Peer 1: 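The following block contains the structure, expressed as structure tokens.
First listed ligand is number 1; within each ligand, the first listed atom is number 1. Keep in mind it's a predicted model, so treat the numbers as computed, not measured. Computation of the quantities below employed the complete heavy-atom set of this structure, encompassing side-chain atoms and omitting hydrogens, waters and symmetry-equivalent molecules.
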Amino acid sequence: MVLHLRWLNSFQASYNPLFHIMNILLVGSGGREHTLAWKLKQSAQCEQLYIAPGNAGTQQCGTNLNISITDFEALSAACLEHNISMLIVGPEEPLVKGITDYFRENAATSHIYIIGPSAEAAQLEGSKAFAKAFMNKYHVPTAAYKEFTEENFEEGLAYIRSHPLPIVLKADGLAAGKGVLICNSQLEALAEFELMIMRSKFGAAGKKVVIEEFLTGIEMSVFVLTDGSEYVLLPEAKDYKRIGKGDTGLNTGGMGAVSPLPFFDEALKEKVISRIIEPTIQGLREEKMDYKGFVFVGLMVDNGEPMVIEYNCRMGDPETEVVIPRIKNDLVELLVAAANQKLSTIRIATDEQTAVAVVAVSGGYPGQHETGFPIYGLDASLPGSLLFHAGTKQAGDQVVTNGGRVLVATSFGDNVQEAAEQSEYLLQQVDYEDIVFRPDIGYEFRGLINGKA
Ligand code: AMP
Ligand code: GLY
């Protein structure tokens with residue numbers, strides 16, 4: 001069998017220039033990383049898979065390494081020790097902090113394929129002001145805005161006083177998903193603006209503030225894999241950020257996701273490609289940005305007209321849990337193509353079924369919550385469903401909760417209703433203290449069969 005596989009692999013290698021068998025290190029520890037690990041592991045090109053630091057789910061797909069996502073020195077030492085040929089960076093923090101540059105500039109690691117942009121390009125996520133200036137320069141439709149610091153603070157106050165409501169304030173830098181404030185009165189906006197700039201409410205991240213107009217419509221996300229010059233469009237998705245049923249309560253990292261979206265028709269897709277994706281990639285090319293990796297574009301669609309809310313320099317979580325399982329291509333082959341600037345040779349094949357992810361969180365999340373509770377029923381399975389781990393860890397012979405978002409059930413179905421119900425059913429087979437999940441992910445599309453009511 002081994003001999004046979006070797007023969008097959010060497011045959012493929014001589015036939016397919018993108019075929020390389022390699023050891024891979026994936027950085028991160030959430031549901032996104034378990035999903036990526038699950039998919040990478042299916043590739044004949046993935047020899048050994050390592051995940052740093054990973055969770056109790058990723059250790060079923062490879063070997064977890066107990067290294068922090070921002071300890072570049074230890075990550076690069078691990079790459080050398082384990083003969084890693086590809087480094088895939090899941091979350092934004094190491095990218096914004098320059099992991100890609102660190103690896104490229106060091107002779108010992110410069111040969112490693114890196115999936116994730118340079119620090120300069122990662123500013124598309126790491127600095128709202130940078131992203132807005134980029135969008136304006138390349139005529140990507142986005143909300144009108146102005147940026148302020150301590151220097152033009154007074155001007156900012158005047159801007160807020162004359163701005164229609166609601167007013168959107170954004171801390172320029174990364175603020176753990178908390179840096180966006182939607183203010184319904186001038187008074188509130190003035191107070192928040194002062195807190196951000198004068199009292200460092202979000203630390204250094206908020207010493208610069210972008211003030212922008214409020215967009216209405218329906219939010220969705222599109223994803224591309226780019227090599228900085230070419231790109232492939234991946235399946236679109238919508239995530240459900242609020243903790244409560246019917247999109248109520250506090251914002252979370254994401255309580256569920258749906259893909260595909262019934263309203264993402266050919267006309268909208270064409271507008272998104274021609275007005276948003278193409279100019280964005282053209283911008284990367286013209287600015288000569290080192291960008292080999294995923295671009296996640298958050299959109300607001302109003303009456304069929306898309307506007308960009310934000311860029312992220314990575315995949316979304318829990319969007320990955322529906323997007324990646326719908327992709328039929330070999331993921332390592334896709335990433336090798338991106339790393340070698342060969343994406344024009346790739347055609348994405350997508351599963352036409354609907355995928356719905358439902359996230360199980362700890363009681364109290366997104367506020368204070370306890371962790372360390374044993375999780376029961378992890379061997380639950382259903383045909384057409386997957387159970388990904390997010391905040392979990394192995395403690396002795398038990399898997400315990402280890403974060404706000406704990407597990408993600410993804411199911412396939414003929415429509416949103418079917419897939420969502422199946423994911424809920426799967427989570428009902430699992431238990432830990434104070435398990436919470438939304439029973440209505442995809443609610444606005446339920447009852448739609450093939451996009452029709
Ligand atoms: P972000 O941190 O940029 O992902 O923004 C968080 C959320 O704030 C987005 O997902 C939107 O729901 C909302 N948001 C951000 N900018 C705007 C805007 N200009 N108009 C309306 N909602 C917005
Ligand atoms: N689900 C939103 C994000 O990953 O930022």
Peer 1: Quiz question: by atom type and distance under 3.5 Å, do the side chains of Gln282 and Glu278 form a donor-acceptor pair?
Peer 2: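 No donor-acceptor contact under 3.5 Å links the two side chains.
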Peer 1: I'd like to check which ligand 2 atoms, numbered from 1 as shown, lie under 4.0 Å from a non-hydrogen atom of Glu319.
Peer 2: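 Counting atoms of ligand 2 from 1, those under 4.0 Å from Glu319 are 1 (N), 2 (C), 4 (O).
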Peer 1: I need the atoms of ligand 1 closer than 4.0 Å to a non-hydrogen atom of Glu213, numbered in the order shown.
Peer 2: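 So the atoms of ligand 1 that pass are 18 (C), 19 (N).
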Peer 1: Measure the distance from atom 1 (P) of ligand 1 to every protein heavy atom, then report the residue, atom name and distance (to 0.1 Å) of the closest one.
Peer 2: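 Nearest neighbour among protein heavy atoms for atom 1 (P) of ligand 1, to 0.1 Å: Glu310 OE1, 3.2 Å.
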Peer 1: If you count the atoms of ligand 2 from 1 in the order shown, which ones are under 4.0 Å from a heavy atom of Arg314?
Peer 2: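 Counting from 1, the qualifying ligand atoms are 3 (C), 4 (O), 5 (O).
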Peer 1: Check this for me, if you would: do Glu236 and Lys269 make a salt bridge, where the nitrogen-to-carboxylate-oxygen distance has to be below 4.0 angstrom?
Peer 2: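 The answer is no: the pair does not qualify as a salt bridge.
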Peer 1: What atoms in ligand 2 come closer than 4.0 Å to a heavy atom of Phe296?
Peer 2: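 Listed by number with element: 3 (C), 4 (O), 5 (O).
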Peer 1: Do you know the tightest heavy-atom contact between Phe103 and Cys79?
Peer 2: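 Shortest heavy-atom contact: CE2-SG, 3.6 Å.
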Peer 1: Give me the nearest non-hydrogen protein atom to atom 2 (C) of ligand 2 as residue plus atom name, then the distance to 0.1 Å.
Peer 2: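 Protein heavy atom at minimum distance: Asp239 OD2, 3.4 Å.
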Peer 1: Verify the distance criterion only: is there a donor paired with an acceptor across the side chains of Ser385 and Gln422 at less than 3.5 Å?
Peer 2: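 There is such a pair between these side chains.
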Peer 1: Is there a protein heavy atom less than 4.0 Å away from atom 21 (C) of ligand 1?
Peer 2: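 For atom 21 (C) of ligand 1 the answer is yes, since some protein heavy atom falls inside 4.0 Å.
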Peer 1: Do Asp172 and Ser127 pair up side chain to side chain, a donor and an acceptor below 3.5 Å, judged on atom types alone?
Peer 2: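 Looking only at side-chain atoms, Ser127 and Asp172 do form a donor-acceptor pair, the distance falling under 3.5 Å.
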Peer 1: Locate the shortest heavy-atom distance separating Ala37 from Thr58; write the atom from each residue and the value.
Peer 2: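 The answer is CB-CG2, 4.4 Å.
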Peer 1: Near Glu219, which atoms of ligand 1 are under 4.0 Å from a heavy atom of that residue?
Peer 2: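 Counting atoms of ligand 1 from 1, those under 4.0 Å from Glu219 are 9 (C), 10 (O), 11 (C), 12 (O).
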Peer 1: Could you tell me the residue and atom name of the protein heavy atom closest to atom 17 (C) of ligand 1, and the distance to it rounded to 0.1 Å?
Peer 2: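 Scanning the protein heavy atoms, the shortest distance from atom 17 (C) of ligand 1 goes to Glu212 OE2, 3.9 Å.
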Peer 1: Any Lys/Arg nitrogen of Arg438 or Asp247 sitting under 4.0 Å from an Asp/Glu carboxylate oxygen of the other?
Peer 2: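 A salt bridge links Arg438 with Asp247.
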Peer 1: Is there a polar contact between ligand 1 and Ile182, counting only N or O atoms under 3.5 Å apart?
Peer 2: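 So ligand 1 has no N or O lying under 3.5 Å from an N or O of Ile182.
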Peer 1: For a quick check under 3.5 Å, do Tyr240 and Asp440 share a side-chain donor-acceptor pair by atom type?
Peer 2: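 Tyr240 vs Asp440: no donor-acceptor pair found between side chains.
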Peer 1: Within a distance under 4.0 Å of any heavy atom of Lys170, pick out the atoms of ligand 1 and give their elements.
Peer 2: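 Ligand 1 atoms under the 4.0 Å threshold to Lys170: 15 (C), 16 (N).
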Peer 1: Can a non-hydrogen atom of Gly316 be found less than 4.0 Å from any atom of ligand 2?
Peer 2: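 Gly316 counts as a contact of ligand 2 under the 4.0 Å cut-off.
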Peer 1: For a quick check under 3.5 Å, do Tyr311 and Thr280 share a side-chain donor-acceptor pair by atom type?
Peer 2: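 The criterion, which ignores hydrogens and geometry beyond distance, is satisfied for Thr280 and Tyr311.
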Peer 1: Should the proximity of Lys241 to ligand 1, defined as any heavy atom under 4.0 Å, be assigned to the side chain, the backbone, both, or neither?
Peer 2: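 The side chain, only.
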Peer 1: May I ask you to list the atoms of ligand 1 that are less than 4.0 angstrom from any heavy atom of Lys128?
Peer 2: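 This gives 1 (P), 2 (O), 3 (O) as the contact atoms.
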Peer 1: Do Asp101 and Ser118 pair up side chain to side chain, a donor and an acceptor below 3.5 Å, judged on atom types alone?
Peer 2: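 Absent: no donor and acceptor within the cut-off.
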Peer 1: Run the numbers for me: atoms of ligand 1, each under 4.0 Å from some heavy atom of Ile309, listed by number.
Peer 2: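 By the 4.0 Å cutoff, the relevant atoms are 15 (C), 16 (N).
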Peer 1: State whether the side chain of Thr392 and the backbone N or O of Thr401 hold a donor-acceptor pair below 3.5 Å, judged by distance alone.
Peer 2: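 Not confirmed, Thr392 side chain does not pair with Thr401 backbone.
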Peer 1: Please determine if Asn312 has a nitrogen or oxygen closer than 3.5 Å to a nitrogen or oxygen of ligand 2.
Peer 2: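 It does not: no N or O of Asn312 is found under 3.5 Å from an N or O of ligand 2.
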Peer 1: Should Lys241 be counted as touching ligand 2, given the test is an N or O pair under 3.5 Å?
Peer 2: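 Not met; the criterion fails.
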Peer 1: Taking the minimum heavy-atom distance to atom 5 (O) of ligand 1, which of Thr142, Leu174, Val180, Leu215 ranks first?
Peer 2: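 Selected option, by shortest heavy-atom distance: Val180.
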Peer 1: Could you establish whether Gly253 and ligand 2 come within less than 4.0 Å of each other, counting only heavy atoms on the residue side?
Peer 2: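 Contact present.
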Peer 1: Taking Glu212 first and then Lys132, would you say they form a salt bridge - that is, a charged N and a carboxylate O separated by under 4.0 Å?
Peer 2: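 Salt bridge present between Glu212 and Lys132.
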